[in-house]
Amino acid sequence: TMSSPKASEYGSQASPLRQPATPNEITKVTILGAAGGIGQPLALLLMLHSEYVQHLALYDLVHVRGIAADLSHVDRQCKVTAHLGPDELTEAVRDAKVIVIPAGLAQKPGMSRDDLFGSNAKIMYNLAKVCAQVNPSAHLAIISNPVNSLVPLTCEVYQRILGAGSRKEKSADSNSALSQPAAPPASPGAAAPAGSSAQKSAGKQQQQQQCFHDCCRRIFGVTTLDVVRASTLSAKSAFFKPEPNGLFKDPAKIAIPVVGGHAGKTIIPLLSQSTMKVDKKRLIEEKATTLTLIESIQQAGIEVLNAKKGAGSATLAMAYSACRFTISLLRAQQGEPNIIECAYVRHQQPLVSDLEYFAAPLVLSKDGYVKTQGFSLNKLLPYEQQMIEEGAKELRMSVAKGEDFAKEQL
Ligand code: NAD
Ligand code: LMR
């Protein structure tokens, strides 16, 4: 049966004012693009979680030394280091447990996220290469747009650099110096006689597939802002009664899985799966209200973009969301069970037709995500299924765009 995650299962409920515990090991988090509109408030929020983060490494092409000097006076037991320009990138990412990436251009009014591909694909490609070479076991949280293309691009880069071969050119080389074969593959197909070259090649292919999946389990497209927006805008909607004091319901108590991707119609909030009971009959019967709410969640980025009149896109709610996602990754890395967050990732077994990349609620662990949680296509309302079908068409193109870019460079 479909078990929706409980509100408390989504993200960090840790109080930012909690006193730091002195851990045995220092946990390092790196921000690539730390001087930007998202990077700066994200750095501040992460410092407030010094019980989880004891070293914050700030990397950018500009301004990071001043930002680090400023932050270093916050009275938390967390050291801050500045890393300026490509020569200092290796040091920035070395030994980090999580690398958060908001590097690159943001939208201006009238642009789509996809319009950013030309500039941000190149930036992401160069950053991903260094991350894969220097610190392949870190968890990557990719914020830069277009997320729908940059995650597949990054997975391709990791696949090549870590020697997982190419899935599409079946017997591609895996002779990288960094080759780290992953867990032994399941027994190869029974059709080929033992020890035959056909069997060996099938075994190798399976091993490459497994290795590829092990890389991709650590590469996350951050869609937490969509989840946060879904909770907040729903809490303020007609579907939930206000509190007696007139305030809207506490959004933290309304977790709504958001699946698909992070752009327009690929942002698919599953209202029927809300943790605070929504009357499913109302969702169907009051379709106009439902669709208005869904659209407001999908268009929330544009609302901010227009309201800021050219001064940038969402940065504060995004920093909040990225902080929540990063802390969830760290908690899962430390062995805390049942940490569930939605994110855009590659799936070994596609959830929706042949689509390998899809955002869904994921159970996190120290080695990346383990499995999806409570996502089952046939339990959804018909219009939710239809939105997924529509979104899948766009996602397919975005994925191909990212993969093709990486292949052209490699
Ligand atoms: P910004 O322009 O304020 O900051 C971007 C920072 O990246 C700048 O400091 C810039 O110097 C830096 N940068 C550029 N090239 C770099 C490189 N090669 N290496 C390191 N740093 C580099 O933009 P922002 O508002 O912080 O947004 C950052 C990205 O996040 C954008 O692509 C935006 O579209 C995206 N975004 C995603 C979401 C989401 O939900 N996933 C939400 C909001 C914004
Ligand atoms: C958002 O959802 O607010 C961002 O993705 C907008 C952007 O492209 O900067």
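One is the number of the first residue; the rest follow in order along the sequence. Ligands are counted one by one from 1 in listed order, and the atoms in each one are counted from 1 as well.
Remark: ligand 1 atoms within the under-4.0 Å shell around heavy atoms of Y59 are 19 (N), 20 (C). Distances below 4.0 Å separate heavy atoms of V62 from the following atoms of ligand 1: 11 (O). Atoms of ligand 1 found under 4.0 Å from any heavy atom of H262 (numbered from 1 in listed order, with element): 38 (C), 39 (C), 40 (O), 41 (N). Residue L116 approaches ligand 1 through these ligand atoms, each under 4.0 Å from one of its heavy atoms: 34 (O). Annotation for ligand 1: atoms under 4.0 Å from non-hydrogen atoms of G37 are 1 (P), 3 (O), 4 (O), 26 (O). Remark: ligand 1 atoms within the under-4.0 Å shell around heavy atoms of N120 are 32 (O). Which parts of ligand 2 touch A314 is read off a 4.0 Å heavy-atom cut-off, strictly below it: atoms 3 (O). The contact set between ligand 1 and A103, taken as ligand atoms under 4.0 Å from a residue heavy atom, comprises 7 (O), 20 (C), 21 (N), 22 (C). Proximity to T315 (heavy-atom distance under 4.0 Å) selects the following atoms of ligand 1: 25 (O).
Judged by distance alone, with hydrogens and angles left aside, the side-chain atoms of E403 form no donor-acceptor pair with the main-chain N or O of L153 at under 3.5 Å. Not one N or O on the side chain of E91 forms a donor-acceptor pair closer than 3.5 Å with the backbone of E88. In this structure, the side chain of R218 engages the main chain of D214 through a donor-acceptor pair within 3.5 Å. Of the possible donor and acceptor atoms, none in the side chain of E394 sits under 3.5 Å from a partner among the backbone N and O of K265. In terms of modelled atom types and a separation under 3.5 Å, the side chain of S274 and the main chain of I254 share no donor-acceptor contact. For the pair S313 (side chain) and L305 (backbone), a donor-acceptor distance under 3.5 Å is absent. Distance alone, capped at 3.5 Å, places no donor-acceptor pair between the T232 side chain and the P251 backbone. Counting only distance, with no hydrogens or angles, the side chain of H139 and the backbone of K366 share a donor-acceptor pair below 3.5 Å. For the pair Q54 (side chain) and T27 (backbone), a donor-acceptor distance under 3.5 Å is present.
Of all protein heavy atoms, the one closest to atom 14 (C) of ligand 1 is G104 N, 3.7 Å. The protein heavy-atom contact nearest to atom 31 (C) of ligand 1 is L105 O, 3.1 Å. Scanning all protein heavy atoms for the shortest distance to atom 1 (C) of ligand 2 gives R113 NH2, 3.5 Å. Counting protein heavy atoms only, atom 43 (C) of ligand 1 is closest to A314 O, 3.4 Å. Protein heavy atom in closest approach to atom 26 (O) of ligand 1: I38 N, 2.9 Å. Of all protein heavy atoms, the one lying nearest to atom 36 (N) of ligand 1 is N145 ND2, 3.4 Å. Annotation: atom 8 (C) of ligand 1 to nearest protein heavy atom, D60 OD2, 3.6 Å. Among protein heavy atoms, the minimum distance from atom 9 (O) of ligand 2 is reached at S313 OG, 2.4 Å. In terms of protein heavy atoms, atom 3 (O) of ligand 2 is closest to R229 NH2, 2.9 Å. Among all non-hydrogen protein atoms, the one lying nearest atom 16 (C) of ligand 1 is L61 CD1, 3.6 Å. Scanning the protein heavy atoms around atom 6 (C) of ligand 2, the nearest turns out to be Q107 NE2, 3.1 Å. Here the heavy atom of the protein found nearest to atom 28 (C) of ligand 1 is P102 O, 3.0 Å.
Residue E303 places every heavy atom at 4.0 Å or more from ligand 2. The closest approach between N145 and ligand 2 falls below 4.0 Å for a heavy atom of the residue.
Under 4.0 angstrom from ligand 2, the non-hydrogen atoms of H262 all belong to its side chain. Under 4.0 Å from ligand 1, not a single heavy atom of H63 appears. With a 4.0 Å cut-off on non-hydrogen atoms, I123 touches ligand 1 through its side chain and not its backbone. The proximity of V147 to ligand 1, defined as any non-hydrogen pair under 4.0 Å, is limited to the side chain.
The pair R229-E303 does not meet the salt-bridge criterion, since no charged nitrogen lies less than 4.0 angstrom from a carboxylate oxygen. Salt bridge annotation for R396-D354: present, with a cationic side-chain nitrogen under 4.0 angstrom from a carboxylate oxygen.
Note: F375 and F358 have tilted aromatic rings, judged against thresholds of 30 and 60 degrees for the angle between ring planes. Ring orientation note: the planes of Y344 and Y357 are tilted relative to one another, at an angle of 30° to 60°. Under the 30°/60° scheme for interplanar angles, the aromatic rings of H213 and Y369 are found to stand perpendicular.
Considering both main-chain and side-chain atoms, I143 comes within under 3.5 Å of ligand 1 through a nitrogen or oxygen pair.
Looking only at side-chain heavy atoms (C-beta outward), F239 and L283 come within less than 4.5 Å of each other.
The number of heavy-atom neighbours closer than 6.0 Å to CD of Q349, taken from other residues, nucleotides and ligands shown, is 12 or below.
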